[in-house]
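First comes the structure, then the notes that go with it.
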Amino acid sequence: VKDKSKGKNYEELLVEDFLQARSRNDTNLTVKYHNLILNKVMIAQARIEVADSQDTIEAKQLAFAEALAKLTEIKKD
């Protein structure tokens with residue numbers, strides 16, 4: 001496998017195979033590669049984490065409280 005892959009990683013091999021399927025007008029295989037690539041992208045996106053600082057959390061809490069007060073016409077004291 002290493003001789004055939006020439007040191008390329010999985011993503012590079014996937015893209016190359018996808019391009020070969022497209023150049024051969026192999027619609028079925030091209031759709032399969034679209035799905036594989038989409039799944040890979042979705043997995044990568046799902047792993048993104050957002051870490052807010054305490055200042056950011058407090059600013060969001062204040063903004064939410066102000067918006068809620070406006071919606072319910074409750075005065076914030």
Query raised in the report: So how far is it from Leu19 CG to Arg24 CZ, rounded to the nearest 0.5 Å?
Result: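 Output value for this atom pair is 11.0 Å.
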
Query - Results of side-chain contact (heavy atoms from CB on, under 4.5 Å) for Ser53 - residues two or more places apart only - result: Asp55, Thr56

Query raised in the report: Taking only residues two or more places apart in sequence, or in another chain, which ones meet Leu14 in a side-chain contact (heavy atoms from CB on, under 4.5 Å)?
Result: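 side-chain contact (heavy atoms from CB on, under 4.5 Å) check on Leu14 returns Tyr10, Tyr33, Leu36, Ile37.
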
Requested in this report: Determine whether Leu29 and Gln20 make a side-chain contact, defined as any pair of heavy atoms from C-beta on separated by less than 4.5 Å.
Outcome: no

Requested in this report: Would you indicate whether the side-chain heavy atoms of Val31 and Asn35 approach each other to under 4.5 Å?
Outcome: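 Result yes, sub-4.5 Å side-chain heavy-atom pair found.
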
Residues in side-chain hydrogen bond (donor to acceptor under 3.5 Å, both in side chains) contact with [X], at least two apart in sequence or another chain:
| X | answer |
| --- | --- |
| Thr27 | none |
| Glu58 | Gln54 |
| Asp52 | Lys60 |
| Glu16 | Lys8 |

**Report entry** All ring pair (Phe, Tyr, Trp, His ring centres under 6.0 Å) counterparts of Phe18, not counting sequence neighbours
**Finding:**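 In terms of ring pair (Phe, Tyr, Trp, His ring centres under 6.0 Å), with neighbours along the sequence ignored, Phe18 is linked to His34.
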
